[in-house]
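A short write-up of the structure that comes next.
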Amino acid sequence: MTETLGFIGLGIMGRGMARNLLKAGYPVHVWNRTAARMDELAADGAQPTTSPAALAAVCDVIFTCVSDTPDVQAVILGEGGVIHGARPGSLVVDMSTISPQVTRQIAAQLADHGVGFLDAPVSGGSEGAARGTLSIMVGGDAAHVERARPYFQAMGQTITHMGDVGCGQLVKLVNQILVVINMLAVSEALVFAQAGGLDLEKTIQAVAGGAAGSWMLSHRGTQAIVRDFRPGFTIDLQQKDLRLALEAADEMGVPAIGTSLVFNLYRALQRDGLGDQGNHALIMALERLANLTVGAPR
Ligand code: NAP
C-alpha cells in the first residue's frame with residue numbers, strides 16, 4: 001500500500017528533500033510557515049495544507065525539517081501542531097538538527113498518542129538535499145526505520161541506523177565536532193604557511209594526499225586561500241549545532257575543549273557581522289590574532 005507522506009519545512013534543505021520524495025512517485029502533502037514557499041512544490045505536484053495538524057490528519061508518515069529545537073517543538077507539539085492531527089499508527093520523522101534530549105521528550109509525547117518517531121538528521125548540505133545524496137543518521141525503533149527506509153533512499157545515499165531515539169542527533173553532533181575542529185587545524189596550518197612565505201596552493205597539494213589530508217582541507221582550505229567565503233554552511237547555523245554539542249557534552253560530563261574554543265572564535269566573528277559567511281571563515285579569527293591575511297601577496 002502506498003503511504004501518503006507529509007513534509008513540514010520547505011527551507012534550503014526541506015524543499016529539495018520534499019521534491020525528491022515527489023520525484024520517487026510518492027504522494028506528498030506540504031506545509032510551510034511562510035505559505036508562499038509551498039507554491040514551488042505545489043507546481044511539482046505536492047498538496048499544500050493549512051497547518052501541521054491538518055497535514056498530519058491526512059498523512060501516514062510526516063517529515064519535519066525546520067531550524068532549531070523550539071521550532072520542532074512548535075510544529076509537532078504547539079498549537080496546530082502535528083500531535084493534534086496525527087492518527088495512531090502514523091510515524092513522525094524529524095530531519096532537523098536539534099537537541100538529542102528534547103528529541104527524546106518529543107518522541108515520548110508522540111508515543112502517548114500512539115504515534116511513532118524517528119530522529120533522522122542529515123549532512124550533505126543543500127547540494128545533497130537537491131541531488132538526493134544526503135547522509136542520514138537515524139535513531140529509533142528498527143521497525144520504524146524499515147518503514148521509512150524507502151523514503152530515506154529517495155532523499156539520501158548513506159542511511160545509518162545508529163540506535164534508539166536521540167542517537168541520530170548525537171551522531172550528527174559528532175559530525176559537527178569533527179568538521180569544526182578539522183577546520184581549526186586547516187586554519188592554523190594555513191596561517192602558519194602564510195607566515196612562512198609558502199605558496200599556499202602548493203602547500204595544500206603537498207599534504208592533501210597524506211595523513212594530513214581531509215575533505216575540509218581540500219574543499220574549504222582551497223576556498224579560503226582565494227578568499228572565497230561563500231557559505232556551504234553558515235557560521236550562524238554552525239553555532240547552533242556547536243551549542244547543541246556543548247550542551248550535550250555538559251549533560252554527559254565529558255570535555256569539549258576544541259568545540260568550545262571554536263564556538264568562542266565563531267562568536268567573535270558573529271559580533272563582527274560575519275555570521276552569514278561560510279564556516280571556513282573561521283580562518284579569519286586566527287588571521288586577526290596573527291595580524292596577517294592568508295592568500296595576500298607577500
Ligand atoms: P532554512 O533554509 O532556514 O529553513 C528553515 C525552515 O524552517 C523554513 O521552512 C522555515 O519556515 C521553518 N521554520 C523555522 N522556524 C519555524 C517555526 N518556529 N515554525 C514553523 N516553521 C519554522 O534552514 P535549512 O538550511 O533548510 O535547515 C533546516 C534544518 O536542517 C536545520 O536544523 C539545519 O541545521 C539542518 N541542516 C542544514 C544544512 C544546510 O546546509 N543548510 C545541512 C544539514 C542540516 P519559513 O519559510 O516560514 O521561514
Side-chain angles (χ1 to χ4, degrees), residues 6-20 30-42 46 48-56 62-84 92-100 102-103 106 119-138 152 155-158 168-180 183 215-216 219-220 230-245 248 266 275-280:
F7 208 105
I8 293 171
L10 305 173
I12 290 172
M13 299 297 287
R15 77 177 76 116
M17 293 154 80
R19 188 170 288 125
N20 284 328
V30 291
W31 181 81
N32 195 70
R33 181 179 58 182
T34 306
R37 274 187 161 175
M38 292 190 278
D39 295 349
E40 211 182 295
L41 266 291
T49 56
T50 53
S51 71
L55 176 144
I62 300 133
F63 296 90
T64 53
C65 189
V66 295
S67 307
D68 203 348
T69 309
D71 308 311
V72 175
Q73 288 175 307
V75 298
I76 296 182
L77 306 175
E79 200 185 321
V82 167
I83 202 164
H84 302 296
V92 173
V93 183
D94 178 35
M95 304 192 76
S96 329
T97 303
I98 67 158
S99 155
V102 175
T103 290
I106 292 171
D119 51 310
V122 302
S123 71
S126 55
E127 303 94 330
R131 292 192 197 128
T133 57
L134 293 170
S135 292
I136 307 177
M137 300 152 243
V138 192
F152 287 147
M155 296 184 274
Q157 221 158 33
T158 309
Q169 294 295 352
L170 278 175
V171 76
K172 167 74 189 191
L173 299 181
V174 168
N175 182 83
Q176 299 305 66
I177 291 168
L178 287 166
V179 163
V180 298
M183 193 59 220
W215 189 96
M216 287 306 277
H219 292 78
R220 301 302 181 224
R230 283 174 297 170
F233 195 62
T234 63
I235 288 174
D236 285 340
L237 265 185
Q238 187 73 79
Q239 279 297 72
K240 166 183 79 79
D241 293 357
L242 295 191
R243 176 175 43 76
L244 294 171
Y266 277 141
D276 60 351
Q277 299 293 292
N279 57 359
H280 53 302

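FYI, side chains are in, hydrogens and waters are out, and symmetry mates aren't considered; it's all heavy atoms of this structure. Numbering of residues begins at 1 and proceeds along the displayed sequence. Whatever order the structure lists ligands and atoms in, that order sets their numbers, starting from 1.
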For atom 9 (O) of ligand 1, state which one of N32, T234, D68, T97 supplies the nearest heavy atom.
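When every heavy atom of N32, T234, D68, T97 is considered, N32 comes closest to atom 9 (O) of ligand 1.
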Quick one: which ligand 1 atoms are inside 4.0 Å of a heavy atom on [X]?
X: D71; answer: 15 (N), 16 (C), 17 (C), 18 (N)
X: L10; answer: 9 (O)
X: S96; answer: 32 (O)

Do any N/O atoms on [X] end up under 3.5 angstrom from N/O atoms on ligand 1?
X: V66; answer: yes
X: R33; answer: yes
X: V75; answer: no

So which heavy atom in the protein is nearest [atom], and how far is it from that ligand atom?
atom: atom 4 (O) of ligand 1; result: G11 CA, 3.3 Å
atom: atom 2 (O) of ligand 1; result: I12 N, 2.8 Å
atom: atom 36 (N) of ligand 1; result: M13 CG, 4.0 Å
atom: atom 34 (O) of ligand 1; result: K240 NZ, 3.0 Å
atom: atom 30 (O) of ligand 1; result: C65 SG, 3.7 Å
atom: atom 14 (C) of ligand 1; result: S67 OG, 3.2 Å
atom: atom 8 (C) of ligand 1; result: R37 NH1, 3.5 Å
atom: atom 47 (O) of ligand 1; result: T34 OG1, 2.5 Å

Which pairs count as side-chain hydrogen bond (donor to acceptor under 3.5 Å, both in side chains) when at least one residue sits in residues 67-82, sequence neighbours excluded?
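Sorted result for residues 67-82: D68-R243.
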Pairing residues for R19 by the salt bridge (Lys or Arg N to Asp or Glu O under 4.0 Å) criterion, not counting sequence neighbours:
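If we apply the salt bridge (Lys or Arg N to Asp or Glu O under 4.0 Å) test to R19, skipping adjacent residues, the hits are E40, D44.
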Could you tell me whether ligand 1 has any atom less than 4.0 Å away from a heavy atom of R15?
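Contact absent.
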Quick one: does G124 get a heavy atom under 4.0 Å from ligand 1?
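No, G124 has no heavy atom closer than 4.0 Å to ligand 1.
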